[in-house]
Amino acid sequence: MRKCVKKITVSLMILMITAFSVISASADSSCVINGNLKAKVGDKVTYNLYIADVPEKVEDLQIEITYNGDCLEAIDKSVKYPDGGSSVYNTKIEGRVLFNSANGIEGWDFKEKTLLLGVSFNVKSGGESDIKQYIQCMDYLSNSQSVDSYVLTTEYLVNDKVVEEGKPPIVDENGQGGNFVNYDNGKGEKNGGKNPVGGDGAYGGQANNGNDANNGNAGNADNGNDGNNNGNNNADNNVNNGNNANNNAGNGNVVGQEATANAGGETSTTATTVVLTNSSGVAITTPDGKQATWTDSKNMWRNIGIVAGALAVVACIVITVIIRKKKSENSKENNSER
């Protein structure tokens, strides 16, 4: 009898351990999205960001999607965005999807609900991941001012089946750059936006408070420098150690002069670095997340040409004076001989 009880007890313990292991394995193989959506390892999760109620046409877009790269992996060919314009995106940076697009001729009409950006992910391991968005730039075509009336909503699909829709997107609280104001209820300032999120100003201090720029991390005037930003958007001055940069935060304004010379003064070069911006002055990022700039190394040859031209003019004047002087002396000698 005791043997039977022992066998039954051992069997029950084995069953309990097995059941617990199965439950644990099942939990470990699921990725929880935004705290309430579950997807298993191997599933495909799709995130769609929609926009509506924009009163005028839009000329440009700059958006970043962030996620947990340990749990999800962005599918490169899955990225969807509005037709028209010139677009570029990058899914190769783990945990981030970067998107830029410009349509300055025709513009986009977002009065009706329209897909703004969509991307799919493979679930590669169990865990948790919020999928967040941060819009850095979205401007009106008519005046290049930041869009301030809009409604953003999301749609989530697991293996192409809708599991949630209609909710405002989660805004990345660490999002930076641009002059677009992101509100946590997915609406614009003029149609009910509440609680601005993110925007410490990696590209010039937008601060996302809907009012002014705080000059953030870029555009600082360090060590007595004069960094006069107009507080409109993203001129990354990099004004350090006595440089004077009076930026207008506009389309590709000069943001710094770099002059280098060796100790002996034998060589000297001057290069002008320009931040590439869109029509409203918002700095453009490259697909790898870096700020796009352009350096004009030809300034050195331009300066050399100017100096050479000036020297040539001076030389011509000197030679002319010498020739005239000699002619005058020869003329006087001839007259004296006569």
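Throughout, numbering of the chain's residues begins at 1 and tracks the sequence. No experiment lies behind these values; they were computed from the predicted model shown.
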Kindly indicate whether the side chain of [X], heavy atoms from C-beta on, has any atom under 4.5 Å from the side chain of [Y].
X: I63; Y: Y134; answer: no
X: M138; Y: I51; answer: yes
X: K187; Y: K194; answer: no
X: K40; Y: V123; answer: no

Residues 47-118 vs disulfide (SG to SG under 2.5 Å), sequence neighbours excluded, gives C31-C71

Residue pairs, two or more places apart or on separate chains, that pass disulfide (SG to SG under 2.5 Å) and touch residues 146-194 | none

Donor-acceptor contacts under 3.5 Å from residues 105-118 side chains, at least two apart:
{"residue": "W108", "atom": "NE1", "partner": "D83", "partner atom": "O", "Å": "2.8"}
{"residue": "D109", "atom": "OD1", "partner": "K111", "partner atom": "N", "Å": "3.0"}
{"residue": "T114", "atom": "OG1", "partner": "E112", "partner atom": "O", "Å": "2.9"}

Tell me, please, which residues at least two apart from [X] pass salt bridge (charged side-chain N to carboxylate O under 4.0 Å, His left out).
X: K132; result: E173
X: E94; result: K124
X: E128; result: none
X: K92; result: none

Cluster overlap [X] with [Y], hydrophobic side-chain contacts below 4.5 Å:
X: I65; Y: L152; value: yes
X: V32; Y: I131; value: no
X: V58; Y: V151; value: no
X: V79; Y: L49; value: yes

In Å and rounded to the nearest 0.5 Å, what is the [atom1] to [atom2] distance from [X] to [Y]?
X: N122; Y: I75; atom1: CG; atom2: CD1; result: 4.0 Å
X: K44; Y: L72; atom1: NZ; atom2: CG; result: 13.5 Å
X: N182; Y: I135; atom1: CG; atom2: CD1; result: 5.5 Å
X: N68; Y: F121; atom1: CG; atom2: CZ; result: 11.0 Å
X: Y156; Y: T154; atom1: OH; atom2: OG1; result: 4.5 Å
X: S30; Y: L37; atom1: OG; atom2: CG; result: 12.0 Å

Stepwise side chain to side chain contact (heavy atoms under 4.5 Å, CB included) check, D130 with I33 | CA-CA 6 Å; D130 289 340; I33 310 295; over 6 Å; no

[X]: what forms a side-chain hydrogen bond (donor to acceptor under 3.5 Å, both in side chains) with it, not counting sequence neighbours?
X: Q133; result: none
X: D70; result: none
X: E155; result: N48, Y50
X: N103; result: none

Could you tell me whether the side chain of [X] and the main chain of [Y] form a donor-acceptor pair under 3.5 Å?
X: S328; Y: R324; value: no
X: Q176; Y: G198; value: no
X: D184; Y: V197; value: no
X: S101; Y: D60; value: no
X: D43; Y: V158; value: no

Would you please say whether a donor-acceptor pair under 3.5 Å links the side chains of [X] and [Y]?
X: S144; Y: D139; result: no
X: Y140; Y: D148; result: yes
X: N36; Y: E164; result: yes

Shortest non-hydrogen contact between [X] and [Y], atoms and distance:
X: V54; Y: Y150; answer: CG2-CB, 3.9 Å
X: S146; Y: F180; answer: OG-CA, 3.4 Å
X: E59; Y: L141; answer: CB-CD1, 3.7 Å
X: G166; Y: T153; answer: O-CG2, 3.8 Å
X: T46; Y: S120; answer: OG1-OG, 2.8 Å
X: R96; Y: Y67; answer: N-CE2, 3.4 Å

Sequence-distant partners of Y81, ring pair (Phe, Tyr, Trp, His ring centres under 6.0 Å), two or more places apart = F99

